[in-house]
Amino acid sequence: MSLRTTLIATAALAAIVAVASLSAAREAPAAAQLPPIKHVFTIVLENKNYDETFGDTPGSTYLAQTLPAKGQLLTQYYGTGHFSLGNYITMISGQSENPSTQSDCNAGFNEVAPGTIVADGQALGTGCVYPAQALTVADQLEEAGKTWRAYMEDMGNDVRRDGGTSCAHPQIGATDKAQSASPTDQYATRHNPFVYFHSIIDDDLSCVTHVVNLDRLKRDLKKPRKTRNYTFITPDLCSDAHDKECADPAQPGGYAGIDAFLRAWVPRILKSKAYQRNGLLIVAFDESESGAGSCCFVPSGPNTPLQGIQGPGGGQTGAVLISPFIKPGTINDEPYNHYDYLHSVEDIFGLDYLGYAAHDGVRSFGADVFGGRR
């Protein structure tokens with residue numbers, strides 16, 4: 001990727017993570033403006049700029065035209081940093097980038113290690129796998145008696161590459177063999193944020209039950225009681241458009257890969273009884289292909305001075321929200337990012353705010369989204 005090529009040399013120069021704030025939470029207020037949503041579905045795609053994605057780009061018809069016609073296009077949705085992994089981690093935990101996540105943990109699947117306490121009370125550290133006290137929205141949902149599941153396309157197709165059939169991740173300290181695709185397995189560990197938290201991976205039985213291959217979603221959508229309250233979907237490296245040329249030559253990459261994936265899975269979700277009763281589908285991107293702009297709150301340290309390495313954020317990507325509670329064909333120019341996404345999910349389920357999702361500058365999807373804005 002052009003941005004990755006430009007930025008990789010400076011990733012290690014960023015400041016380091018504030019472990020002291022890992023599980024910081026603030027009590028969530030009553031979300032009076034939110035409708036009674038009980039099922040949230042999230043699909044995360046890869047590395048595209050808003051102007052191309054929702055412009056006149058060949059191959060993106062379903063994403064750029066069909067989906068906005070079914071729901072609402074958020075024109076000012078932004079990633080929160082570069083590279084991929086930090087954005088995924090922000091979406092489920094409210095944590096910001098650190099030097100390791102800014103390099104997609106290429107150096108190894110290493111622990112987030114605390115360092116010296118400095119004058120402002122922040123503990124310094126870097127690394128990939130967060131300690132058990134660092135919670136995710138998945139931990140919150142379980143504590144609240146609600147259900148969740150993460151669905152990863154291709155995960156476990158090649159056990160030697162992935163390290164397991166479910167909840168696949170390297171051993172602590174090992175090299176991640178899933179940084180690039182193979183012809184039979186295009187799963188990327190760095191696009192599966194759940195396995196970077198000891199609060200999830202330390203309970204192996206729970207992890208293999210909750211973090212599964214995408215094929216399981218077909219069965220889970222058939223009955224509302226099987227459909228989880230929170231469903232997080234990660235396509236493989238071709239289906240999410242990360243790879244323009246696929247390791248599997250029979251599979252389309254780029255925007256054609258996105259369109260093929262969405263055409264296959266979005267109708268299944270929208271036809272499910274759980275969605276039709278009280279669902280919300282969010283189709284978002286992790287980061288832009290180029291640019292490190294931001295629209296909204298992003299932290300400036302102690303993790304890194306610039307979340308986007310060359311700028312404050314992850315660039316403008318856009319997002320589409322579809323729900324029985326959203327007027328179809330609407331356009332929303334209000335600014336949102338991944339911290340707002342997590343804040344909104346926590347409001348929907350009545351949860352506390354984790355990490356930087358608790359910041360006063362972060363807000364929830366509100367009347368502008370669910371009020372039928374044009």
Side-chain angles (χ1 to χ4, degrees), residues 21-44 71-74 76-80 87-96 134-150 193-194 197 199 227-233 269 274-275 277-284 294-299 319-327 330 332-373:
S21 64
L22 284 176
S23 57
R26 186 185 69 197
E27 185 177 355
Q33 294 181 319
L34 294 174
I37 295 168
K38 303 297 183 185
H39 296 89
V40 175
F41 304 85
T42 301
I43 299 174
V44 185
Q72 182 172 109
L73 173 62
L74 302 187
Q76 297 298 312
Y77 193 97
Y78 279 68
T80 47
N87 288 277
Y88 286 85
I89 285 175
T90 293
M91 293 182 78
I92 69 164
S93 73
Q95 299 303 318
S96 60
L135 301 181
T136 70
V137 69
D139 301 300
Q140 291 181 296
L141 288 164
E142 287 193 62
E143 181 68 22
K146 301 184 185 300
T147 57
W148 70 280
R149 183 166 271 177
F194 300 93
F197 290 86
S199 64
T227 307
R228 274 50 180 182
N229 296 116
Y230 182 70
T231 295
F232 192 99
I233 301 167
I269 293 170
Y275 166 82
R277 289 177 183 176
N278 44 38
L280 168 64
L281 169 63
I282 301 169
V283 180
S294 66
C295 65
C296 322
F297 165 78
V298 289
V320 178
L321 276 62
I322 305 173
S323 173
F325 304 106
I326 294 176
K327 188 174 182 179
T330 51
N332 188 343
D333 297 327
E334 292 293 318
Y336 290 104
N337 66 17
H338 296 327
Y339 292 108
D340 300 304
Y341 160 86
L342 175 60
H343 189 102
S344 301
V345 170
E346 289 169 326
D347 272 349
I348 285 170
F349 293 115
L351 308 173
D352 294 344
Y353 302 136
L354 291 173
Y356 285 113
H359 192 275
D360 289 340
V362 178
R363 65 196 183 101
S364 185
F365 301 143
D368 59 302
V369 172
F370 298 105
R373 187 183 182 91

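The model shown is predicted, which means the values in this text are computed figures rather than measured ones.
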*Which distance, rounded to the nearest 0.5 Å, do you find between the CG of D340 and the CE of M91?*
11.0 Å
*For G279 and F325, which heavy atoms make the closest approach, and how far apart are they?*
O-CD1, 4.4 Å
*Checking ring pair (Phe, Tyr, Trp, His ring centres under 6.0 Å) for the pair Y353/H343: CA distance, chi angles, key distance, verdict?*
CA-CA 6 Å; Y353 302 136; H343 189 102; 3.8 Å; yes
*Side chains of V137 and L342: closer than 4.5 Å at any heavy-atom pair?*
yes
*Value rounded to 0.5 Å, distance of CG in L34 from OG in S364*: 4.5 Å
*For the atom pair SG (C296) and NE2 (H359), what is the distance rounded to the nearest 0.5 Å?*
12.5 Å
*Partners passing ring pair (Phe, Tyr, Trp, His ring centres under 6.0 Å) against F194 (at least two apart in sequence or in another chain)*: W148, F232
*Would the Y78 and H338 ring centres measure less than 6.0 Å apart?*
no
*With a 4.5 Å heavy-atom cut-off, do Y356 and T80 have their side chains touching?*
no
*Heavy atoms of other groups near K146 NZ, more than 12 under 6.0 Å*: yes
*Are any non-hydrogen side-chain atoms of T42 and V345 less than 4.5 angstrom apart?*
no
*If we only count heavy atoms from C-beta on, is the L74 to V320 side-chain gap below 4.5 Å?*
no
_Point-to-point distance, once rounded to the nearest 0.5 Å, from CD of Q72 to CD1 of I282_ = 11.5 Å
_Working note: Y230 + I348, criterion side-chain contact (heavy atoms from CB on, under 4.5 Å); need CA distance, chi angles, decisive distance, verdict._
CA-CA 11 Å; Y230 182 70; I348 285 170; over 6 Å; no
*State, with a plain yes or no, whether a side-chain heavy atom of V40 is found less than 4.5 Å away from one of N229.*
no
*State the CG-CD1 distance between L280 and I326, to the nearest 0.5 angstrom.*
5.5 Å
*Decide yes or no on side-chain contact (heavy atoms from CB on, under 4.5 Å) for N337 and T90, but give the supporting numbers first.*
CA-CA 10 Å; N337 66 17; T90 293; over 6 Å; no
*Can Y339 and S96 be said to form a side-chain hydrogen bond (donor to acceptor under 3.5 Å, both in side chains), step by step?*
CA-CA 9 Å; Y339 292 108; S96 60; 4.5 Å; no
_Centroid-centroid distance, Y275 to H39, less than 6.0 Å_ = no
*Any residue meeting ring pair (Phe, Tyr, Trp, His ring centres under 6.0 Å) with F41, in chain and number order, not counting sequence neighbours*: none
*asked:* I'd like to check D352 versus E346 (side-chain heavy atoms, cut-off strictly below 4.5 Å). Are they in contact?
replied: no
*Between V44 and N87, does a side-chain contact (heavy atoms from CB on, under 4.5 Å) hold up when you go through it step by step?*
CA-CA 10 Å; V44 185; N87 288 277; over 6 Å; no
_Polar contact flag, side-chain donor to acceptor under 3.5 angstrom, T136-D139_ = yes
*Any side-chain heavy-atom pair from F365 and L321 closer than 4.5 angstrom?*
yes
*asked:* Working to the nearest 0.5 angstrom, can you tell me the gap between S93 OG and L354 CG?
replied: 7.0 Å
*Taking all heavy atoms of I92 and all of P193, pick out the closest pair and write down the distance.*
CD1-CB, 3.7 Å
*If we only count heavy atoms from C-beta on, is the R363 to P335 side-chain gap below 4.5 Å?*
yes
